[in-house]
Amino acid sequence: MNQIANLYFELIDKQRNVYQSATLYKQNRNSVDSYIDVLQCIETGESLEINKGKLTNTSHTKAYKISDNIADFRDQVILKNDKKWSRLNKKFLNYHKSLTSYALMRNLPLTHYVSAQTELANVKGKSIVDVGAGTGQSQCSFFRYPEDNTYFLVDPNIRLLHDQFIRVYPQLLETKMNHILSHAEKLPFKDNSVDIVMSLASIDHFADYKAFIKEAHRVLKKDGKLLIFSHLDVPLGGQILTKLKTLKLSLPVLLEIIARKLFQISKRVSVDDHTLHFHNSRPMEDTMKEVGFKIDKKEEFMRYFYLLGQK
Ligand SMILES: C[S@@+](CC[C@H](N)C(=O)[O-])C[C@H]1O[C@@H](n2cnc3c(N)ncnc32)[C@H](O)[C@@H]1O
C-alpha cells in the first residue's frame with residue numbers, strides 16, 4: 001500500500017469528535033535544494049549553498065540547519081530578546097495544539113470570502129510566500145489550484161497539520177510545499193524574487209509589523225502583491241451582543257457551547273495571545289504606502305479587514 005493510502009486508512013471509519021485533540025501530520029515538503037535559488041543569507045544577503053547538510057552563505061561565515069526538509073532561519077536575537085513575543089508565542093502554541101474542527105468549519109467562509117474578493121483564489125504559476133502560515137493549510141484552503149503555484153510556508157514555529165485539514169483537503173497530501181522556519185521581520189528571500197506575499201491572521205502575532213511590510217516590499221517582484229488579512233479588535237461587549245443576536249438556541253446548540261467551553265478550560269486555551277491589537281487597518285495601510293505599495297483593494301467588514309497592495 002502506498003503512503004497516501006496508509007494515511008487514509010488511519011482515518012476511515014474512525015470516530016472523530018469535534019472537541020478532541022487532533023492527530024498531527026507532517027507537511028509534504030520539497031527538499032531545500034529545489035528552491036535554494038530564491039533564498040539568501042539573512043545576515044549578509046549572500047546567496048546560499050548546501051554544505052554537509054547545512055545551508056551556508058558563499059563566504060562560509062554563516063550556516064543554517066536543515067532538518068526534515070525544513071530550512072531554519074530563526075533569528076535567535078528576536079527569540080531571546082523579545083520577552084513579550086516569546087511569552088505570547090508560548091500561549092499561542094498551546095492554542096495550536098488545541099485547534100478543533102469547529103474552528104475549521106467556522107473559518108472556511110471567511111477564508112473563501114477574502115480569497116474571492118482579492119481575486120487571489122484562482123492564481124496560477126505564482127510563487128507565494130505565506131508569512132505566519134502556521135500549518136500551511138492555506139496552500140489548499142485559500143488557493144483553488146495549489147498544484148499550479150509554488151507555495152512557501154514561513155513561520156518561526158513548526159506546526160504540523162491537524163487531521164481535520166487532511167480530511168478536508170486531499171491536495172495537502174498530494175501537493176508539495178516549501179517549509180521555512182523564519183520570522184516575518186527578516187525574510188530569507190532575495191530582493192525582487194517572489195510574486196505574492198501574504199499574512200493571514202498572523203500580523204497581530206508578529207513582534208514588528210512595520211519590519212514585515214518593509215521586508216515584503218523588498219522580496220516582491222515589480223507588480224507583486226502583498227495581502228494582509230486579519231481580525232480587528234472590537235469591544236468584547238459588542239461581539240457578544242452580535243453573537244447573541246444571531247444565535248438560535250436549542251438543546252444541541254447549548255450542549256455544543258458547553259462542550260466547547262469545557263474543552264477550552266481543560267486545555268487552558270488562552271483568550272488572547274496576540275502581540276498587537278489593531279482597532280482599524282490604518283496603521284498597516286499607512287506603512288504599506290510609506291514603503292512604496294499602491295493600495296489595490298481594501299475592506300473593513302464585520303470584525304475583519306484585508307489590505308491588498310501592489311509593489
Ligand atoms: C493565528 S496563526 C495563523 C496561521 C495561518 N496563517 C492560518 O491562517 O491558519 C498565527 C501564526 O503567526 C505565527 N507567528 C508568530 N510570530 C511570528 C513572526 N514574528 N513571524 C512570522 N510568523 C509569526 C505563529 O507561529 C502562527 O503560526
Side-chain angles (χ1 to χ4, degrees), residues 22 24 27 42 70 72-115 118 120 128-143 151-162 164-166 168-169 172 177 179-189 196-216 219 226-233 269-278 304-306:
L24 299 176
Q27 287 79 5
I42 55 171
I70 307 177
D72 189 348
F73 289 93
R74 278 174 294 188
D75 182 352
Q76 297 304 317
V77 179
I78 295 178
L79 281 181
K80 271 192 210 145
N81 293 351
D82 198 322
K83 289 211 171 77
K84 182 183 171 197
W85 182 86
S86 304
R87 179 175 53 80
L88 290 164
N89 188 52
K90 241 187 225 157
K91 263 193 184 184
F92 171 77
L93 287 175
N94 192 42
Y95 164 80
H96 153 76
K97 280 193 276 174
S98 316
L99 194 67
T100 65
S101 47
Y102 167 85
L104 168 70
M105 294 307 281
R106 194 198 49 198
N107 291 340
L108 281 178
L110 183 57
T111 308
H112 296 161
Y113 176 76
V114 176
S115 65
T118 55
L120 293 178
I128 298 160
V129 173
D130 188 356
V131 184
T135 61
Q137 50 94 14
S138 303
Q139 181 194 28
C140 300
S141 60
F142 192 89
F143 297 102
Y151 175 87
F152 289 87
L153 181 183
V154 176
D155 201 286
N157 297 303
I158 296 189
R159 296 182 49 203
L160 299 182
L161 284 157
H162 301 66
Q164 57 263 36
F165 298 129
I166 300 288
V168 172
Y169 301 110
L172 283 172
M177 63 171 78
H179 195 159
I180 290 177
L181 288 176
S182 173
H183 287 266
E185 294 81 358
K186 245 184 188 183
L187 296 173
F189 296 91
I196 296 170
V197 174
M198 62 186 206
S199 156
L200 304 179
S202 61
I203 196 157
D204 29 28
H205 289 264
F206 297 170
D208 181 347
Y209 75 94
K210 290 187 178 178
F212 159 65
I213 294 173
K214 262 188 223 153
E215 276 293 86
V219 305
L226 167 65
L227 169 67
I228 302 176
F229 155 73
S230 200
H231 77 283
L232 292 172
D233 248 18
V269 177
S270 155
V271 187
D272 188 6
D273 45 25
H274 300 94
T275 45
L276 303 166
H277 296 87
F278 295 106
Y304 303 97
F305 74 92
Y306 64 78

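None of these values were measured; they are calculated from a predicted model. In each ligand, atom 1 is the first atom listed, and ligand 1 is the first ligand listed.
Annotation for ligand 1: atoms under 4.0 Å from non-hydrogen atoms of A201 are 1 (C), 2 (S), 3 (C), 10 (C). Which parts of ligand 1 touch Q137 is read off a 4.0 Å heavy-atom cut-off, strictly below it: atoms 9 (O). Annotation for ligand 1: atoms under 4.0 Å from non-hydrogen atoms of A184 are 18 (C), 20 (N), 21 (C). Taking every non-hydrogen atom of G134 and a distance limit under 4.0 Å, the qualifying atoms of ligand 1 come out as 27 (O). Near P156, with a cut-off below 4.0 Å to any heavy atom, the atoms of ligand 1 are 14 (N), 17 (C), 18 (C), 20 (N), 21 (C), 22 (N), 23 (C). Counting the atoms of ligand 1 from 1 in the order shown, those under 4.0 Å from a heavy atom of N157 are 24 (C), 25 (O).
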Validation: residues 199-208 side-chain donor-acceptor distances under 3.5 Å, sequence neighbours left out:
unit_1: S199; atom_1: OG; unit_2: S202; atom_2: OG; d: 2.8
unit_1: S199; atom_1: OG; unit_2: I203; atom_2: N; d: 3.2
unit_1: S202; atom_1: OG; unit_2: V131; atom_2: O; d: 2.9
unit_1: D204; atom_1: OD1; unit_2: S230; atom_2: OG; d: 3.3
unit_1: D204; atom_1: OD2; unit_2: S230; atom_2: OG; d: 2.8
unit_1: D204; atom_1: OD2; unit_2: H231; atom_2: ND1; d: 3.3
unit_1: D208; atom_1: OD1; unit_2: K210; atom_2: N; d: 3.1
unit_1: D208; atom_1: OD1; unit_2: A211; atom_2: N; d: 3.1

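The CG atom of L110 lies 10.0 Å from the OG atom of S115; values are rounded to the nearest 0.5 Å. Expressed to the nearest 0.5 Å, how far CZ of R74 lies from NE2 of H183 amounts to 7.0 Å. To the nearest 0.5 Å, atoms CG (D272) and CG (L88) are separated by 7.5 Å.
Geometrically, ligand 1 and H205 share a nitrogen or oxygen pair separated by less than 3.5 Å. Annotation: R159 places an N or O atom under 3.5 Å from an N or O atom of ligand 1; distance criterion only. Residue E185 has at least one N or O atom closer than 3.5 Å to an N or O atom of ligand 1. Inclusion of V154 in the set of residues having an N or O under 3.5 Å from an N or O of ligand 1 is not warranted. Below 3.5 Å of separation, one finds no N or O of S138 facing any N or O of ligand 1.
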Practice item. List the steps and the verdict of side chain to side chain contact (heavy atoms under 4.5 Å, CB included) for W85 and E185. Key: CA-CA 13 Å; W85 182 86; E185 294 81 358; 5.8 Å; no
Practice item. Evaluate the criterion side chain to side chain contact (heavy atoms under 4.5 Å, CB included) for residue pair L226 and F212; output intermediate values, then yes/no. Key: CA-CA 11 Å; L226 167 65; F212 159 65; 3.9 Å; yes
Exercise for review: Apply ring-ring contact (aromatic ring centres under 6.0 Å, His included) to F152 and F189, showing your working.
Suggested key: CA-CA 11 Å; F152 289 87; F189 296 91; 5.0 Å; yes
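For F92, every heavy-atom contact with ligand 1 shorter than 4.0 Å involves the side chain, none the backbone. No part of S199 comes within 4.0 Å of ligand 1, judged by heavy-atom distances. Under 4.0 Å from ligand 1, not a single heavy atom of H96 appears.
The residue from L200, D82, L93 that puts a heavy atom closest to atom 8 (O) of ligand 1 is L200.
In this structure, a donor-acceptor pair under 3.5 Å is absent between the side chains of H274 and D233.
Remark: side-chain polar atoms of Q139 are not paired, donor with acceptor, to backbone N or O of Y151 under 3.5 angstrom.
Taking the ring centroids of Y113 and Y304, they lie at or beyond the 6.0 Å cut-off.
The closest approach between a heavy atom of W85 and any atom of ligand 1 is below 4.0 Å.
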